[in-house]
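Working notes, beginning with the structure itself.
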Amino acid sequence: MNEQLIKALLEDLKNPDEHVRNQATEELWRIWFHQKGQYGLELLERSQTLFTVGDVKQAEALLTELIKDQPDFAEAWNRRAVLYFVLGEYNKSKADCQQVIKLNPVHFGALHGLGLCHAALGEYRAAIQAFRKALEIQPYALANQKLILECTARLS
């Protein structure tokens, strides 16, 4: 991955101009999805199609196979984390989010997902920490700001 481009896009996420931030967000997602070229992208898309039509087991199997084949493909881990979260398997989702963050520490989607998993498990302090880390990368992400307030309210 082009480190200079990533650095510039991460700076753009802090730009007061919403259009600039949205373009940077889209471009980062594009880069992450294309990390393993057409091969990885096609498998991610196929797993999403399977999931959408309700074939969750096949979608999970495809992502797991992709992870075994390409263990450094952060977005494969992230897609499986999303799948597990939707299924209510928060501990599995949390573990996959942590793997994404290990591979790609600026993956704001995985940090947000990690926060959601912690919140779903009643681990509000850990959730707040994850949402704060996501906000360091995307300071204008209102969803994370709102979730920090909600988790803080649940602490009292």
Side-chain angles (χ1 to χ4, degrees), residues 1-52 59 63 66-67 70-88 90 93-156:
M1 282 190 266
N2 181 338
E3 294 304 314
Q4 286 299 95
L5 175 60
I6 302 281
K7 219 173 171 179
L9 292 169
L10 290 170
E11 278 307 306
D12 283 350
L13 294 178
K14 296 173 171 79
N15 192 302
D17 184 332
E18 185 179 4
H19 179 72
V20 171
R21 292 192 312 268
N22 289 342
Q23 280 190 305
T25 300
E26 279 181 39
E27 184 60 16
L28 284 165
W29 280 113
R30 191 195 67 70
I31 290 167
W32 295 339
F33 269 83
H34 287 84
Q35 180 192 348
K36 295 295 179 180
Q38 199 58 36
Y39 161 78
L41 181 63
E42 284 175 14
L43 291 177
L44 290 177
E45 289 173 345
R46 194 170 334 142
S47 74
Q48 184 59 47
T49 301
L50 288 165
F51 184 73
T52 302
L63 289 169
L66 180 55
I67 287 166
Q70 303 286 327
D72 63 336
F73 189 9
E75 200 52 42
W77 289 95
N78 191 52
R79 293 292 99 202
R80 193 173 72 174
V82 170
L83 181 142
Y84 286 148
F85 184 85
V86 171
L87 295 177
Y90 304 121
S93 181
K94 187 167 73 169
D96 279 1
C97 286
Q98 289 166 333
Q99 185 60 37
V100 176
I101 296 161
K102 211 177 284 179
L103 293 168
N104 182 358
V106 296
H107 199 298
F108 49 80
L111 286 163
H112 174 79
L114 181 61
L116 291 176
C117 290
H118 282 302
L121 292 165
E123 302 163 350
Y124 300 115
R125 287 187 201 293
I128 291 166
Q129 208 173 15
F131 294 135
R132 281 188 178 144
K133 283 184 182 171
L135 274 175
E136 287 173 17
I137 299 163
Q138 269 187 320
Y140 290 91
L142 295 178
N144 289 324
Q145 294 173 15
K146 183 174 173 259
L147 287 162
I148 288 170
L149 292 175
E150 288 175 16
C151 289
T152 303
R154 290 179 187 257
L155 287 175
S156 8

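The structure presented is a predicted model; accordingly, all values stated were derived computationally and were not measured.
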- request: Assess whether side-chain contact (heavy atoms from CB on, under 4.5 Å) is satisfied between Leu116 and Leu147, documenting all intermediate values.
  value: CA-CA 9 Å; Leu116 291 176; Leu147 287 162; 3.9 Å; yes
- prompt: Shortest non-hydrogen contact from Glu27 to Arg30?
  reply: OE2-NH2, 2.8 Å
Check: residues 40-48 side-chain donor-acceptor pairs under 3.5 Å, at least two apart:
residue: Glu42; atom: OE2; partner: Gln38; partner atom: NE2; Å: 3.4
residue: Ser47; atom: OG; partner: Leu44; partner atom: O; Å: 2.8
residue: Gln48; atom: NE2; partner: Thr52; partner atom: OG1; Å: 3.3

message: Do Phe51 and Val82 make a side-chain contact, defined as non-hydrogen atoms from C-beta onward lying under 4.5 Å apart?
response: no
Atom pair CG (Leu63) and OH (Tyr84), whose distance is rounded to the nearest 0.5 Å: 8.5 Å
message: Between Lys146 and Glu150, does any side-chain N to carboxylate O distance fall below 4.0 Å?
response: yes
Atom pairs and distances, side-chain donor-acceptor, residues 107-115, under 3.5 Å, sequence neighbours left out:
residue: His107; atom: ND1; partner: Gly109; partner atom: N; Å: 3.4
residue: His107; atom: ND1; partner: Ala110; partner atom: N; Å: 3.0
residue: His107; atom: NE2; partner: Glu75; partner atom: OE1; Å: 2.8
residue: His112; atom: ND1; partner: Asn144; partner atom: OD1; Å: 2.6

- request: Return the minimal non-hydrogen interatomic distance between Cys151 and Ile128, and the atom names on each side.
  value: CB-CG1, 3.5 Å
- prompt: NZ/Lys14 to CZ/Arg21 distance, rounded to the nearest 0.5 angstrom?
  reply: 12.0 Å
query: Do the rings of Trp32 and Trp29 sit parallel, tilted or perpendicular, given the 30° and 60° boundaries?
result: perpendicular
message: If you define the side chain from C-beta out and look only at heavy atoms, does anything of Lys94 sit under 4.5 Å from Glu123?
response: yes
task: Please assess Asp12 against Gln23 for the test side-chain contact (heavy atoms from CB on, under 4.5 Å), listing each intermediate value before the final yes or no.
output: CA-CA 8 Å; Asp12 283 350; Gln23 280 190 305; over 6 Å; no
task: Looking only at non-hydrogen atoms, find the nearest pair between Ser93 and Phe85 and report the distance.
output: OG-CB, 3.5 Å
query: Can you find a heavy atom in the side chain of Leu9 that is under 4.5 Å from one in the side chain of Leu13?
result: no
message: Please find the pair of heavy atoms, one from Ala119 and one from Tyr124, that lie closest to each other, and give the distance.
response: O-CE2, 3.6 Å
field: Note, Tyr39 side chain near Gln70 side chain (heavy atom, < 4.5 Å)
entry: yes
- request: Apply side-chain contact (heavy atoms from CB on, under 4.5 Å) to Asn104 and Asn78, showing your working.
  value: CA-CA 10 Å; Asn104 182 358; Asn78 191 52; over 6 Å; no
message: Test side-chain contact (heavy atoms from CB on, under 4.5 Å) on Arg79 and Phe33; report intermediate values, then the result.
response: CA-CA 10 Å; Arg79 293 292 99 202; Phe33 269 83; 3.6 Å; yes
field: Pairing of Lys36 and Asp72 as salt bridge, 4.0 angstrom limit
entry: yes
- prompt: Between Asp96 and Arg80, which heavy-atom pair has the shortest distance, and what is it?
  reply: OD2-NE, 2.7 Å
message: On a heavy-atom basis, which atom in Thr152 and which in Ile148 lie closest, and how many Å separate them?
response: OG1-O, 2.7 Å
task: Using a strict cut-off of less than 4.0 Å between a Lys/Arg side-chain nitrogen and an Asp/Glu carboxylate oxygen, indicate whether Glu136 and Lys133 qualify as a salt bridge.
output: no
